[in-house]
Asker: 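Could you have a look at this structure, given as structure tokens, before my questions?
Everything numeric here is computed off the predicted structure, so don't read it as measured data. Naming convention: chains lettered A, B, ... in sequence-line order (proteins, then strands); numbering from 1 in each chain.
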Amino acid sequence: DSGVTQTPKHLITATGQRVTLRCSPRSGDLSVYWYQQSLDQGLQFLIQYYNGEERAKGNILERFSAQQFPDLHSELNLSSLELGDSALYFCASSELDFNEKLFFGSGTQLSVL
Amino acid sequence: EDKVVQSPLSLVVHEGDTVTLNCSYEVTNFRSLLWYKQEKKAPTFLFMLTSSGIEKKSGRLSSILDKKELFSILNITATQTGDSAIYLCATRPTSGTYKYIFGTGTRLKVLA
């Protein structure tokens, strides 16, 4: 167990809908990262927050947004869902150290039908 | 554009074999390279490498980095069925962000 908690584990929804994925980082970790993993794309970086502030942005669609709250948990909001958004969404956390490693949650499997 | 390329994409071996997984990278101002093992869902950390030529070892697994040639290898000796997984390589550039760039992974299957 990495100590990173993601909910829900599975999500099935329809095109056009909006969903929220939740992540609680490891105790003491200030950084939260969101990644999308699909079969042909591997792990794609979406966005990173540190202590409530956005620190880095990857290939995140405009339909997607995220935030990190004062208690350090993070939410990833996906709206106007399309079939191609079906993927495994991971949250990871780290201590913001010089050479920190990432601790991943078990992911949320999103299926858009 | 920063990128990480892993090879082979997949590999099938028998128990007891030794395997070598490759990771090459092109990143701006390289900082570190990490290896992860992904069995079912969550990738789990294996190694972090920052310096060339220093081998990291953990049991039957070992890894080394070559910063001149921009690659790393992950060796697994005396493979077991429990080594079956996707092995991911990631790098972190020092381009002002904390973005990790992952390769697509090598899918290893070890047959009994």
Asker: Inspect the surroundings of CZ in A/Arg26 and state if more than 12 heavy atoms from other residues, nucleotides or ligands are less than 6.0 Å away.
Answerer: yes
Asker: Quick one: OH on B/Tyr100 to OG on A/Ser94, what's the gap to the nearest 0.5 Å?
Answerer: 5.5 Å
Asker: Relative to chain A, which segment of B/Gln38 carries a heavy atom at a distance below 4.5 Å: side chain, backbone, both, or neither?
Answerer: side chain
Asker: Are there over 12 heavy-atom neighbours, none belonging to A/Asn59, within less than 6.0 Å of that residue's CG?
Answerer: no
Asker: Just by modelled atom types, is the B/Phe102 backbone N or O under 3.5 Å from a matching donor or acceptor in the A/Tyr35 side chain?
Answerer: no
Asker: Heavy-atom cut-off 4.5 Å, strictly under: side chain, backbone, both or neither for A/Ile47 against chain B?
Answerer: neither
Asker: Under 4.5 Å from any heavy atom of chain B, what part of A/Leu88 do you find: side chain, backbone, both or neither?
Answerer: side chain
Asker: Please report the shortest heavy-atom distance between B/Tyr36 and A/Leu102, naming the atom on each side.
Answerer: OH-N, 2.8 Å
Asker: Within a 6.0 Å radius of atom CD1 on A/Ile12, are there more than 12 heavy atoms belonging to other residues, nucleotides or ligands?
Answerer: no
Asker: Transitively linked via ILVMFWY side-chain contacts under 4.5 Å: B/Leu74 with B/Val13?
Answerer: yes
Asker: In terms of heavy-atom pairs under 4.5 Å, which option from A/Gly105, A/Ser106, A/Gly42 contacts chain B the most?
Answerer: A/Ser106
Asker: Measure distances from A/Gln44 to the heavy atoms of chain B and classify the residue's part below 4.5 Å as side chain, backbone, both or neither.
Answerer: neither
Asker: Less than 4.5 Å to any heavy atom of chain A: does that hold for the side chain of B/Ile86, its backbone, both, or neither?
Answerer: neither
Asker: With rounding to the nearest 0.5 Å, note down the distance linking CD in A/Gln37 to NZ in B/Lys41.
Answerer: 10.0 Å
